[in-house]
Amino acid sequence: MSIAIITRGKDLIPWVNALKAKRPTLDLRIYPDDTNREEIEFALAWNHPLGAFRKYPNLKCIASMGAGVDHILKDPDLPEAAIITRVTDQNLARDMAEFTVALVMNHVRGLSFYKRQEHKHLWKPKPYLNSSDITIGVMGIGVLGSYVATQLNILGFKVSGWARTTKEIEHIDVYVGQEELDAFLGTANILICLLPLTKETINILNKQTFRKLPEGAFIINVARGEHLVERDLIDFIDVGHLSGASLDVFREEPLPQNHPFWEHPYINITPHIASITNPATAVSQILENYDRLRNNEPLIGAVSLTKGY
C-alpha cells in the first residue's frame, strides 16, 4: 500500500525525510507527479487542491498533517469511504500551552504597553494585573484546550472552559453548550479561542460575544481566523469595551499589507506560529495508522464528520 502526500505550499522535504527515516522501504508518492493512483489507499494532506481526492478512487484514509482538519472537511468532494484523521502529538499541546501562556503574561504584565511607550521614549510605569484577580476562559476543551487550561491554572489563574459536551478537568470549571455560554463569557477577563472550526463555531468571536464579556476583557485567538469577525473586534477595542487582542490566525494568510490590524496599537500579530507540527514526531502516528489501516484496525485520531473534529 502506497502513501500519497497531497498539499499546496508546504515544504515536503522534512516530511519525506522523516517518513523514510522511520520506514525506508515506504512507497511514498508526491502529488501531482504521482501515477497509478488507483493503488493509493492512504493520503497525507494539508491545504490540498479542492477536488484532488477525486483522482484517487480507492482512498481509505486521509490523514491531516496537523491537529486541524477544517482544510480537509471544506472539500465538497470527499470520498465517502475514507476515514479522516488528525495528528494528536503531545508536543503540539505543549507548544500551544507555552505560546498561549506567553500571550497571557504579555497582557497581564503590560509588555505591549511598554513597547508602545518605548517607541515614544516614555518612562511611565503602571500597575500590573495579578493572576489571582483574573479569570481566563478557554473556548474549546479538547486535547489542546484542556492542556492549555491546566497549565494556566498551575500558574495561579482561575480558569474556566466552554465545551460542546461535559468534561471533567481538575480545578477547571467547564461550562457546557449554548445554554451556558453567557455565564462562561460573563466571567472571562481573558478569552482564549481554541475551538475547532465548524459551522457552529465560525464567526463566534463577534459583537454579541464581546458584549457579554466583562469590560476590559482581552481576546486571544490561536484557533482559526474564520472564528473572528474582524470589524467587530476593532469596534469593541476602539470603544474601550475590550482592552486589546493577540491574534495568531487570520481569515487571509499571510495577512494583507493593507489590513487594519497591522497599524492598530492594541492588536498584537504573530504569523500562525503558535504550535507547528514537527514531522519527526508526527510521522510515528501517521505510520501507525498506516499499519492499522492495512490490518483493518481502528485508527488513532479519527474525526467525526458530523462534529467536524
Side-chain angles (χ1 to χ4, degrees), residues 3-19 21-22 28 30-31 42-50 52-53 59 61-75 78 82-100 138-148 192-198 201-202 220-228 247-255 270-290 292-293 299-305 307-309:
I3 293 181
I5 301 182
I6 307 172
T7 183
R8 289 183 302 179
K10 198 173 188 70
D11 182 8
L12 296 186
I13 292 176
W15 286 91
V16 171
N17 290 344
L19 286 164
K22 289 276 188 181
L28 191 61
I30 310 298
Y31 177 90
F42 193 106
L44 187 56
W46 188 265
N47 194 28
H48 68 282
L50 297 183
F53 297 132
L59 270 185
C61 176
I62 302 170
S64 172
M65 299 168 84
V69 292
D70 51 283
H71 60 99
I72 295 174
L73 296 181
K74 70 181 181 182
D75 192 331
L78 291 177
I83 300 170
I84 297 170
T85 66
R86 61 188 181 90
V87 171
T88 56
D89 185 352
Q90 185 60 31
N91 291 331
L92 288 175
R94 181 205 63 205
D95 292 350
M96 180 61 78
E98 290 176 351
F99 186 80
T100 307
V138 179
M139 303 183 85
I141 302 293
V143 174
L144 297 181
S146 58
Y147 190 79
V148 167
I192 300 173
C193 183
L194 273 163
L195 290 165
L197 185 65
T198 68
T201 66
I202 192 169
I220 294 175
N221 188 15
V222 285
R224 287 291 183 266
E226 291 87 347
H227 285 124
L228 176 65
L247 308 176
D248 186 59
V249 290
F250 305 90
R251 289 179 177 268
E252 183 178 350
E253 297 180 1
L255 190 65
T270 48
H272 204 150
I273 46 79
S275 183
I276 299 173
T277 305
N278 181 355
T281 58
V283 295
S284 294
Q285 180 187 316
I286 301 297
L287 290 172
E288 182 171 352
N289 272 345
Y290 172 82
R292 284 170 174 257
L293 186 68
L299 303 188
I300 301 168
V303 171
S304 166
L305 296 185
K307 293 180 181 178
Y309 57 90

J.: Does anything in residues 64-74 pair up under salt bridge (charged side-chain N to carboxylate O under 4.0 Å, His left out), and if so which pairs, sequence neighbours excluded?
T.: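 Every salt bridge (charged side-chain N to carboxylate O under 4.0 Å, His left out) pair that includes a residue of residues 64-74, provided the two are not neighbours, is Asp70-Arg224.
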J.: Can you list the residues that meet the side-chain hydrogen bond (donor to acceptor under 3.5 Å, both in side chains) rule with Glu226, with sequence neighbours excluded?
T.: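 Expected list: none.
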J.: Got a sec, which residues hit side-chain hydrogen bond (donor to acceptor under 3.5 Å, both in side chains) with Asp248, two or more places apart in sequence or on another chain?
T.: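 For Asp248, the residues satisfying side-chain hydrogen bond (donor to acceptor under 3.5 Å, both in side chains) (neighbours in sequence not counted) are Thr270.
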J.: Could you grab the distance from atom CE of Met139 to atom CD1 of Ile192, nearest 0.5 Å is fine?
T.: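 Rounded to the nearest 0.5 Å, the CE-CD1 separation comes to 11.5 Å.
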J.: Indicate yes or no: at least one non-hydrogen side-chain atom of Ile83 is less than 4.5 angstrom from one of Asn289.
T.: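 Counting from C-beta outward, Ile83 and Asn289 never come under 4.5 Å.
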J.: How long is the gap from CG on Asn47 to OG1 on Thr7, to the nearest 0.5 Å?
T.: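 One finds 6.0 Å between CG of Asn47 and OG1 of Thr7.
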J.: Excluding sequence neighbours, so at least two apart, what forms salt bridge (charged side-chain N to carboxylate O under 4.0 Å, His left out) with Asp95?
T.: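 Applying salt bridge (charged side-chain N to carboxylate O under 4.0 Å, His left out) to Asp95 gives none.
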J.: Test of understanding: with side-chain contact (heavy atoms from CB on, under 4.5 Å), list the residues that count as partners of Leu255, not counting sequence neighbours.
T.: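 With sequence neighbours excluded, Leu255 shows a side-chain contact (heavy atoms from CB on, under 4.5 Å) to Phe250, His259, Phe261, Trp262, Ile269, given in chain and number order.
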J.: Can you name the side-chain hydrogen bond (donor to acceptor under 3.5 Å, both in side chains) partners of Tyr309, sequence neighbours left out?
T.: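 If we apply the side-chain hydrogen bond (donor to acceptor under 3.5 Å, both in side chains) test to Tyr309, skipping adjacent residues, there are no hits.
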J.: Under a 4.5 Å cut-off applied to non-hydrogen side-chain atoms, are Leu194 and Val222 in contact?
T.: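 Touching, per the 4.5 Å side-chain cut-off.
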J.: Taking side chain to side chain donor-acceptor pair (under 3.5 Å) as the cut-off, I'd like each qualifying pair that reaches into residues 9-18, sequence neighbours left out, listed once.
T.: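 For residues 9-18: none.
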J.: Output all residues satisfying salt bridge (charged side-chain N to carboxylate O under 4.0 Å, His left out) with Arg292, sequence neighbours left out; order by chain, then residue number.
T.: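 Residues passing salt bridge (charged side-chain N to carboxylate O under 4.0 Å, His left out) with Arg292: Glu288.
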J.: Could you list the residues that satisfy salt bridge (charged side-chain N to carboxylate O under 4.0 Å, His left out) with Arg86, not counting sequence neighbours?
T.: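 None.
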J.: Restricting to side-chain hydrogen bond (donor to acceptor under 3.5 Å, both in side chains), what partner residues turn up for Glu98, sequence neighbours left out?
T.: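 In terms of side-chain hydrogen bond (donor to acceptor under 3.5 Å, both in side chains), with neighbours along the sequence ignored, Glu98 is linked to no residue.
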J.: Can you list everything that forms a side-chain contact (heavy atoms from CB on, under 4.5 Å) with Asp75? Sequence neighbours excluded, please.
T.: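 Asp75 satisfies side-chain contact (heavy atoms from CB on, under 4.5 Å) with His48, Leu50, Phe53, Asp77, Leu78 only.
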J.: How far does OG1 of Thr85 sit from CG of Leu44, to the nearest 0.5 angstrom?
T.: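 Going from OG1 on Thr85 over to CG on Leu44, the span is 8.5 Å.
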J.: Ignoring hydrogens and angles, write down the donor-acceptor pairs under 3.5 Å from the side chains of residues 271-282, residues two or more places apart or on other chains.
T.:
unit_1, atom_1, unit_2, atom_2, d
His272, ND1, Glu253, OE1, 2.8
His272, ND1, Glu253, OE2, 3.1
Ser275, OG, Leu92, O, 2.8
Thr277, OG1, Met65, O, 3.2
Asn278, OD1, Ala280, N, 3.1
Thr281, OG1, Asp89, OD2, 2.6
Thr281, OG1, Asn278, O, 3.1

J.: Under the criterion side-chain contact (heavy atoms from CB on, under 4.5 Å), I'd like the reasoning laid out for Val138 against Thr100: C-alpha separation, chi angles, the key distance, then a yes or no.
T.: CA-CA 11 Å; Val138 179; Thr100 307; over 6 Å; no
